[in-house]
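In what follows, a single structure is set out as structure tokens and then discussed.
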Amino acid sequence: MPMRLLWLAVLTGHAFAAGAWWWLLPGGFPVWHPKFWANGVLPWAFLVVAVATRFYLWERRPKWRDRVLLSFPVFWLAMLVCGVVLFPVSMLLPAIILVTPMIVALALAVRRFRPRPSDGVMMLVPVGAAAMMMLAQRGARPDTRPIAATMPSGPALPPPPEHVGAVSLAEGVKVDPGDPVVTLLSGRMTLAVQPVLTFVSRSPDRCWTLFATKAQRDGPARRLVGFERTSDGVKLLHRCDVESFSQFVWRDDAVGIQSWTTLASPVYSHLNTFTELTISGHRKLAVTFSPCPQARVEFKPFNIQGTNPSRAAYLDADGIFRVVQARTAEKGPFTTLAQGRMDRRDPLTMTLYDQDRAVFEVTLEDWAAQASVQLSPTAGYGLPVNAIEFSLDGDSARTAGGMWITLAATSVGRAWDTVGHAPGAYSNRARVRVLR
């Protein structure tokens, strides 16, 4: 009787786990995409097999029942083996922790069900399912398009002063060299622009960042190693495991930005930013995008733990720029709020409004040219990995707003899958101005 209850619990647990996996993770993938099978087909297959085993095979077909129950520890042990093969860094510790319980479970199942040699062929099914599941979690090959192979060479910058402070470029315009961030004031409103390619949540081996250590996720801290004040701006050199050069210039009543970041090898990450904007001091914040300039889209509250639908914009593989809203939180399907055509060579201009007044304009020359358009493994429903997410930090319309612009990330949607940036030099030429 105890063993019967144990295996009934195993069966029930797998049924609930399959249902939760299907419900919580994204859908809307084409049939050729690995996530179609991992998030859609396999969970339903597990659920159907579990229910059929409990209510049909249990008493009527005991031999088939035993084969199904034996397949569960085989599946999990195969998952561990495939995980270590595909993700030797991320999955090593989970495998060390779980391999003994899985072997014990398999030994108990073999002793209880006494499989015949011919049953080994049937065990290829759970082994194949485990391999398919693990392969679906592996980040695809990078699809970003860096502008050049290496950063253009320039004069070496002297080391920064010991206590370098903010640099004023003009009245109401200053640069913080440490981040680096340029801040512009317009009346009560403030816009802060961080133009350096920044990886926030990484993976050492293309696995989910959930299984990486904190040090592996964060990477080395970025530090300022070069500083030069020019007649009309400032040049900065930052270094961690990648090198970034940035120049901020005040010219023609606008801040001109040139930022380069060089990757010597692919970097796989869940969260990152190509450019980050922070806006405060507004009463009612909205934005227009140059591919669809007539559509003014409001910033709405969004919290990762809440249910308020997120808003984002992206460029798809067909050259259509879309602004969309999720069904709930970050989960699709997504409703299109605005759209327009955009060529890879086109700059992207974003105009920020407070109520009916245009306040700031930000133009990114190189975003579309370098963005990846491969399908996102976390969003589904046709969304690519490039994204421009925008929201308010709180429930009030006056709380600070943010825009997170990425070439390839998986912040839209569910789960912790990673996506790659190809090696090379990434350029971020931008122009930021106050609309007086």
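All values derive from a computational prediction rather than experimental measurement.
- Taking CE of Met342 as the start and CG of Leu348 as the end, the distance is 4.5 Å to the nearest 0.5 Å.
- Counting only distance, with no hydrogens or angles, the side chain of Arg341 and the backbone of Asp318 share a donor-acceptor pair below 3.5 Å.
- Asp354 places a side-chain N or O within 3.5 Å of a backbone atom of Lys284 that can act as its donor or acceptor partner.
- Under the 3.5 Å distance criterion, the side-chain polar atoms of Arg322 are left unmatched by any main-chain donor or acceptor of Leu383.
- Here the CG-CZ distance, from Asp417 to Arg138, works out to 13.0 Å after rounding to the nearest 0.5 Å.
- When atom types are taken as modelled, the side chain of Arg217 and the backbone of Ala212 share a donor-acceptor pair closer than 3.5 angstrom.
- Using a 4.5 Å heavy-atom threshold, the side chains of Val432 and Ile257 count as touching.
- A donor-acceptor pair under 3.5 Å links the side-chain atoms of His238 to the main chain of Pro177, judged by distance alone.
- Here the side chain of Ser246 pairs no donor or acceptor atom with the backbone of Ser259 at under 3.5 angstrom.
- Under the 4.5 Å side-chain criterion, counting only non-hydrogen atoms from C-beta, Cys292 is not in contact with Gln339.
- Judged by distance alone, the side chain of Asn386 and the main-chain N or O of Tyr314 form no donor-acceptor pair under 3.5 Å.
- Interatomic distance, CD of Gln258 versus CZ of Arg429, reported as 6.5 Å (0.5 Å rounding).
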Which is it for Thr378 and Lys35 under the side chain to side chain contact (heavy atoms under 4.5 Å, CB included) test, yes or no, and what are the steps along the way? CA-CA 9 Å; Thr378 56; Lys35 292 292 183 177; over 6 Å; no

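- Residues Trp21 and Met133 are in side-chain contact: their nearest non-hydrogen atoms beyond the backbone lie under 4.5 Å apart.
- In terms of modelled atom types and a separation under 3.5 Å, the side chain of Tyr268 and the main chain of Ala140 share a donor-acceptor contact.
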Could you walk me through whether Phe248 and Val193 satisfy the side chain to side chain contact (heavy atoms under 4.5 Å, CB included) test, starting with their C-alpha distance in whole Å, then the side-chain angles of each, then the deciding distance to 0.1 Å, before giving a yes or no? CA-CA 11 Å; Phe248 299 85; Val193 182; over 6 Å; no

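- Distance alone, capped at 3.5 Å, places no donor-acceptor pair between the Thr261 side chain and the Tyr426 backbone.
- With a 4.5 Å cut-off on side-chain heavy atoms, Trp404 and Ile388 do not count as touching.
- Side-chain contact between Val419 and Gln374 is present, with at least one heavy-atom pair separated by less than 4.5 Å.
- Arg222 and Thr198 share a donor-acceptor pair across their side chains, judged by distance under 3.5 Å alone.
- In this structure, Glu389 CD and Ser411 OG are separated by 3.5 Å, a value rounded to the nearest 0.5 Å.
- Residues Leu392 and His282 have side chains in contact (heavy-atom distance under 4.5 Å, counting atoms from C-beta outward).
- Taking the six-membered ring for Trp and the full ring otherwise, Phe289 and Phe321 have centroids separated by under 6.0 Å.
- Looking only at side-chain heavy atoms (C-beta outward), Val31 and Trp37 come within less than 4.5 Å of each other.
- The environment of Arg344 atom CZ is dense: over 12 non-hydrogen atoms of other residues, nucleotides or ligands sit within 6.0 angstrom.
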Between Arg202 and Asp241, does a side chain to side chain contact (heavy atoms under 4.5 Å, CB included) hold up when you go through it step by step? CA-CA 12 Å; Arg202 309 180 181 199; Asp241 58 340; 2.6 Å; yes

Step by step, would you call Phe199 with His421 a ring-ring contact (aromatic ring centres under 6.0 Å, His included)? CA-CA 10 Å; Phe199 297 98; His421 278 65; 5.0 Å; yes

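- Formation of a donor-acceptor pair under 3.5 Å by the Thr273 side chain with backbone atoms of Glu276 is not found in this model.
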